[in-house]
Undergrad: 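First the structure, which I've put down as structure tokens, then a few questions once you've had a look.
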Amino acid sequence: MHQLYDPDFEVIVYDPSQSFRWEVHGYPHHLAKWHHHPEYELHLTQEVGGKMMIGDHIGPFNPGCLVLTGPNLPHNWVSDLRPGQRLEQRDMLVQFVPDLVRTLKGFSEMEAVEVLLRESAYGVEFSGTTRDDGAALLAQIGETRGIRRLTLFLELLHRLAAVPAERRVLSQCAPGIGAHTTTSRKLETVMAHISTHYTEDLRLGDMADLVHMATSTFSRFFKRQTGHTFARYVNQMRVHHACRLLASTDLSITEICFESGFNNTANFNRQFFVLCRETPREYRLKLRETPLTTEPMG
């Protein structure tokens with residue numbers, strides 16, 4: 001049934017201080033749907049089984065299921081719930097862009113990982129000690145920061161790639177859906193415009209006009225496709241830009257506010273705190289005064 005409609009495109013928003021995203025979320029969840037994104041995703045189901053859909057594969061999954069999907073491979077996990085039941089932490093996952101591992105391509109030590117990443121275009125499910133060790137390392141990543149977080153990530157890739165006999169390919173094809181549908185072309189047009197102009201005055205109505213949609217229709221379309229409201233996504237882009245300026249320049253916080261596309265400092269401080277859980281001043285001081293740590297977070 002899932003193959004009768006196009007997968008939604010999910011926009012992955014990263015913490016400005018991290019090179020890949022680690023996340024835990026419940027189910028039902030607005031992002032737990034038939035969708036795709038340009039990032040690799042390692043997905044661990046922590047509770048309750050059901051049916052998983054990976055590309056053209058449909059099959060059962062149980063707690064402990066560990067699956068790696070490649071860029072733009074559609075996927076979804078549908079749990080068998082009792083009426084009214086909600087799972088608070090069903091999914092644990094990491095998502096990372098191809099560029100993160102592309103920089104290591106060509107090193108002899110990465111040969112097995114490169115094979116695994118090629119297989120992930122079809123979806124890969126892990127078993128045995130690979131699954132158990134992979135799940136444990138995935139949990140550890142969520143408890144660390146700094147260099148230790150990155151070394152655990154590389155250790156995770158190594159462990160997943162080490163024993164080919166403990167993984168199986170799921171889909172018969174690697175559809176790479178995303179650039180070939182009417183829906184995705186509209187979204188790509190909007191996302192490209194936002195990424196170029198997010199520091200300028202962006203209006204919802206103007207974005208709707210760009211893809212020939214009514215404003216209310218576009219608002220629902222953007223939320224359904226990306227999991228974010230238009231205003232929230234633009235604010236996230238602006239805050240991320242502000243983080244880069246705070247880290248790499250001596251511009252004042254007021255100057256950075258306007259350079260990032262905000263039109264007043266009160267809104268800038270509020271939106272920055274919503275995303276980063278600290279003020280711009282605290283963020284800058286932390287970068288300049290706190291030594292890089294390799295210890296787990298307390």
Side-chain angles (χ1 to χ4, degrees), residues 1-12 21-96 116-139 142 156 160 163-178 180-181 183-184 223-227:
M1 183 66 181
H2 69 289
Q3 296 171 329
L4 298 180
Y5 60 94
D6 293 333
D8 289 344
F9 180 87
E10 180 183 338
V11 175
I12 308 299
R21 179 175 182 249
W22 181 93
E23 178 74 11
V24 172
H25 65 72
Y27 182 86
H29 189 274
H30 69 281
L31 294 179
K33 58 185 178 179
W34 178 234
H35 71 286
H36 71 108
H37 43 70
E39 292 82 5
Y40 292 94
E41 178 176 315
L42 180 67
H43 181 279
L44 172 67
T45 306
Q46 301 192 98
E47 48 183 338
V48 181
K51 285 285 190 293
M52 64 178 174
M53 294 157 278
I54 312 294
D56 62 11
H57 170 85
I58 302 177
F61 72 89
N62 294 303
C65 176
L66 186 65
V67 172
L68 177 66
T69 55
N72 288 320
L73 178 66
H75 52 275
N76 191 20
W77 286 261
V78 180
S79 289
D80 298 326
L81 301 184
R82 301 185 304 274
Q85 183 181 8
R86 173 172 175 76
L87 309 175
E88 296 303 321
Q89 295 189 333
R90 187 194 71 164
D91 304 311
M92 180 184 294
L93 53 93
V94 293
Q95 295 162 321
F96 56 98
L116 171 63
L117 295 180
R118 286 196 295 270
E119 290 179 1
S120 75
Y122 302 86
V124 173
E125 181 180 16
F126 301 93
S127 60
T129 57
T130 299
R131 176 194 59 217
D132 298 341
D133 292 350
L137 285 166
L138 185 58
L156 174 62
L160 295 176
V163 186
E166 292 188 339
R167 63 181 189 253
R168 68 176 180 125
V169 171
L170 297 172
S171 180
Q172 295 298 308
C173 61
I177 297 174
H180 310 295
T181 68
T183 296
S184 64
K223 177 64 183 299
R224 184 174 68 85
Q225 290 293 317
T226 69

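FYI, the numbering just counts along the sequence from 1.
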Undergrad: Between D132, L93, L42, which is the residue that forms a side chain to side chain contact (heavy atoms under 4.5 Å, CB included) with L66?
TA: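 Running side chain to side chain contact (heavy atoms under 4.5 Å, CB included) over D132, L93, L42 with L66 returns exactly one hit, L42.
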
Undergrad: Measure across G142 and W22 and return the closest heavy-atom pair with its distance rounded to 0.1 Å.
TA: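 Closest pair (atom of G142, atom of W22, distance): CA-CE2, 3.3 Å.
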
Undergrad: Of all heavy-atom pairs between G55 and S171, which one has the smallest distance, and what is that distance?
TA: CA-OG, 3.8 Å

Undergrad: I need the Y122 OH to D56 CG distance, nearest 0.5 Å.
TA: 10.5 Å

Undergrad: Would a 4.5 Å heavy-atom cut-off, applied to side chains only, mark T45 and M52 as touching?
TA: no

Undergrad: As an exercise, state the distance from CZ of R167 to OG1 of T130, rounded to the nearest 0.5 Å.
TA: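 Between atom CZ of R167 and atom OG1 of T130 there are 8.0 Å.
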
Undergrad: Is any side-chain heavy atom of F61 less than 4.5 Å from a side-chain heavy atom of V67?
TA: no

Undergrad: Within a strict 4.5 Å, meaning less than it, do heavy atoms of the H75 and H35 side chains meet?
TA: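 Yes - at least one pair of side-chain heavy atoms lies under 4.5 Å apart.
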
Undergrad: Do H43 and T69 come close enough that some side-chain heavy atom pair is under 4.5 Å?
TA: no

Undergrad: F126 versus D133: any side-chain heavy-atom pair under 4.5 Å?
TA: no

Undergrad: Quick check for you: to the nearest 0.5 Å, what is the distance between Y40 atom OH and L117 atom CG?
TA: 4.5 Å

Undergrad: If you count every heavy atom of other residues, nucleotides or ligands that lies below 6.0 Å from Y27 atom OH, does the total exceed 12?
TA: yes

Undergrad: If I take atom CG from residue L44 and atom CG from residue L137, how far apart are they, to the nearest 0.5 angstrom?
TA: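 Reported value, rounded in 0.5 Å steps: 11.5 Å.
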
Undergrad: So, taking the atom named CD in E47 and the one named CD in E88, what distance separates them when rounded to the nearest 0.5 Å?
TA: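 Going from the CD atom of E47 to the CD atom of E88 covers 8.0 Å.
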
Undergrad: Side chains of V78 and M53, heavy atoms from C-beta outward: is any pair under 4.5 Å?
TA: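 In contact.
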
Undergrad: Between E10 and I12, does a side-chain contact (heavy atoms from CB on, under 4.5 Å) hold up when you go through it step by step?
TA: CA-CA 6 Å; E10 180 183 338; I12 308 299; 3.1 Å; yes

Undergrad: Quick one: closest heavy-atom pair of P71 and P38, and the distance?
TA: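 In terms of heavy atoms, the two residues are closest at CB-O, 3.3 Å.
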
Undergrad: Kindly compute the distance separating CD (Q85) from CG (D80), expressed to the nearest 0.5 Å.
TA: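 Nearest 0.5 Å value for the CD-CG distance: 9.5 Å.
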
Undergrad: Any side-chain donor paired with an acceptor under 3.5 Å for S79 and R90?
TA: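 Note: S79 and R90 side chains meet the donor-acceptor criterion.
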
Undergrad: Could you tell me whether the side chain of L73 reaches within less than 4.5 Å of the side chain of S120, counting heavy atoms only?
TA: no

Undergrad: Please find the pair of heavy atoms, one from L116 and one from V124, that lie closest to each other, and give the distance.
TA: CD1-CG1, 4.3 Å

Undergrad: Looking at every non-hydrogen atom in both residues, tell me the closest pair between L81 and P28 and how far apart they are.
TA: CD1-CD, 4.0 Å

Undergrad: Using side-chain heavy atoms (C-beta onward) and a distance below 4.5 Å, is Q46 in contact with V24?
TA: yes

